[in-house]
Amino acid sequence: MTDFFHPLMSEQALKQCSSLALAHMGDSVYELMTRGYLIHSGLVTNKNLHRKTIHLVCAGAQAAGAQAILPMLTEDEQTIFRHGRNAKPKSTPKSSSVAEYALATAVEALFGWLYLQGSYDRLNELFTVLLPAAQEWADDQRPTRRG
């Protein structure tokens, strides 16, 4: 491999990847897409970028986004999603429920799988649908200020 930005894998090689390996890749793909979106939308201070990124990449936001994309998934994508959801990580973060973390892992596995096969247009299509649901969830989680 010489193109580390596009580490394309054959279908056979992808089938040998565990769901957690796909989620490992998909986690970074999802975060990179989120960061690109935020910078493009005009957030320029590091404090604001970091805060908003953290809110959008957490398991709860990804789980909310998962619900939005589920009806759009092809049969193959549903299989990858289901395997990711059923993967058994060694631990889960305290900030999310087991169900949220399972859905977030499913999204990440799907994003990793799509990225490694070079399905960038499909990634963008799914991210465009997922993002508003993730943003709505993140906005609902912000504490309200009392005056």
Colleague: CG of Leu14 to CE of Met9: how many Å apart, nearest 0.5 Å?
Modeller: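 Here the rounded value is 5.0 Å.
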
Colleague: Measuring only between side-chain heavy atoms, which start at C-beta, is Tyr115 closer than 4.5 Å to Pro7?
Modeller: yes

Colleague: Please evaluate residues Phe127 and Ile69 with respect to the criterion side chain to side chain contact (heavy atoms under 4.5 Å, CB included), reporting the C-alpha separation (whole Å), side-chain torsions for both, the decisive distance (0.1 Å), and the verdict.
Modeller: CA-CA 8 Å; Phe127 187 75; Ile69 65 170; over 6 Å; no

Colleague: Side-chain heavy atoms nearer than 4.5 Å, only ILVMFWY residues, links allowed to pass through others: does that put Met72 and Ile80 together?
Modeller: yes

Colleague: Nearest 0.5 Å please: distance from the CZ atom of Arg51 over to the CG atom of Leu38.
Modeller: 12.5 Å

Colleague: Would you sort out whether Leu49 and Arg35 count as a side chain to side chain contact (heavy atoms under 4.5 Å, CB included), showing the intermediate values?
Modeller: CA-CA 8 Å; Leu49 283 169; Arg35 288 174 180 236; over 6 Å; no

Colleague: Hey, quick one: are Val57 and Ile39 part of the same hydrophobic cluster, counting side-chain heavy atoms closer than 4.5 Å, chains of contacts allowed?
Modeller: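 Same hydrophobic cluster.
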
Colleague: Find the distance between CD (Gln62) and OG1 (Thr105) and round it off to the nearest 0.5 Å.
Modeller: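 Answer rounded to 0.5 Å: 8.0 Å.
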
Colleague: Is the closest side-chain heavy-atom distance between Leu56 and Glu31 below 4.5 Å?
Modeller: no

Colleague: Counting only heavy atoms not in Asp121 (residues, nucleotides, ligands), do more than 12 fall under 6.0 Å from its CG?
Modeller: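 Not buried by this count: 12 neighbours or fewer within 6.0 Å.
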
Colleague: Hydrophobic cluster membership, with links at side-chain heavy-atom distances under 4.5 Å among I/L/V/M/F/W/Y: are Phe111 and Tyr120 in one?
Modeller: yes

Colleague: How close do Arg85 and Ala106 get, counting heavy atoms only, and between which atoms?
Modeller: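 Minimum heavy-atom separation between Arg85 and Ala106: N-CB, 3.5 Å.
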
Colleague: Using the rule side chain to side chain contact (heavy atoms under 4.5 Å, CB included), only one of Leu114, Asn124, Leu126 pairs with Ser119; which is it?
Modeller: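 Result: among Leu114, Asn124, Leu126, Leu114 is the only option passing the side chain to side chain contact (heavy atoms under 4.5 Å, CB included) with Ser119.
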
Colleague: Please report the closest heavy-atom contact between Leu20 and Lys88, naming both atoms and the distance.
Modeller: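 Looking at all heavy atoms of both residues, the shortest contact is CD1-O, 4.1 Å.
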
Colleague: Can you check side chain to side chain contact (heavy atoms under 4.5 Å, CB included) on Leu22 and Leu110, steps first, answer last?
Modeller: CA-CA 7 Å; Leu22 293 174; Leu110 177 60; over 6 Å; no

Colleague: Looking at Gln141 and Ala138, would you say the former's side chain and the latter's main chain have a donor-acceptor pair under 3.5 Å?
Modeller: no

Colleague: Can you tell me how far CD of Glu108 sits from OH of Tyr101, rounded to the nearest 0.5 angstrom?
Modeller: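 Answer for the OH-CD pair, Tyr101 versus Glu108, is 7.0 Å.
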
Colleague: Just checking His50: does its NE2 atom have more than 12 heavy atoms from other residues, nucleotides or ligands closer to it than 6.0 angstrom?
Modeller: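 No - once you tally the heavy atoms of other residues, nucleotides and ligands closer than 6.0 Å, there are 12 at most.
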
Colleague: Val129 and Val107: same hydrophobic cluster, using ILVMFWY side-chain contacts below 4.5 Å?
Modeller: yes

Colleague: If you take all heavy atoms of Trp137 and Cys58, which pair is closest and at what distance?
Modeller: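 Result for this residue pair: CZ3-SG, 3.2 Å.
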
Colleague: Show your working on side chain to side chain contact (heavy atoms under 4.5 Å, CB included) between Gln67 and Leu103 and close with a plain yes or no.
Modeller: CA-CA 9 Å; Gln67 300 297 339; Leu103 284 173; 3.2 Å; yes

Colleague: Do Glu125 side-chain atoms and Arg122 backbone N/O form a donor-acceptor pair below 3.5 Å?
Modeller: no

Colleague: Which value, rounded to the nearest 0.5 Å, describes the distance between Glu11 atom CD and Lys15 atom NZ?
Modeller: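 Reported value, rounded in 0.5 Å steps: 4.5 Å.
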
Colleague: Is there a path of hydrophobic side-chain contacts, each under 4.5 Å between heavy atoms, that joins Leu8 and Met33?
Modeller: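 Linked, Leu8 and Met33 end up in one cluster.
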
Colleague: Which pair of heavy atoms, one from Gly65 and one from Ala133, lies closest together, and at what distance?
Modeller: CA-CB, 3.9 Å

Colleague: Between Glu100 and Ala63 (side chain of the first, backbone of the second, donor and acceptor by atom type, cut-off under 3.5 Å), is there such a pair?
Modeller: no

Colleague: Under the side chain to side chain donor-acceptor pair (under 3.5 Å) criterion, do His83 and Asn86 qualify, and how do the steps go?
Modeller: CA-CA 5 Å; His83 288 166; Asn86 294 335; over 6 Å; no

Colleague: Could you tell me whether the side chain of Gln135 reaches within less than 4.5 Å of the side chain of Leu131, counting heavy atoms only?
Modeller: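 In contact.
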
Colleague: Can you confirm whether Glu77 sits close enough to Trp113 that some side-chain heavy atom of one is under 4.5 Å from a side-chain heavy atom of the other?
Modeller: yes

Colleague: If you look at every heavy atom in Ala61 and His55, which pair is closest and at what distance?
Modeller: CB-O, 3.4 Å

Colleague: Check step by step if side chain to side chain donor-acceptor pair (under 3.5 Å) holds for Asp76 and Thr79.
Modeller: CA-CA 5 Å; Asp76 287 343; Thr79 299; 5.3 Å; no

Colleague: Please give me the minimum heavy-atom distance between Ala109 and Ser19, naming the atom from each residue.
Modeller: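 Looks like CB-O, 3.8 Å.
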
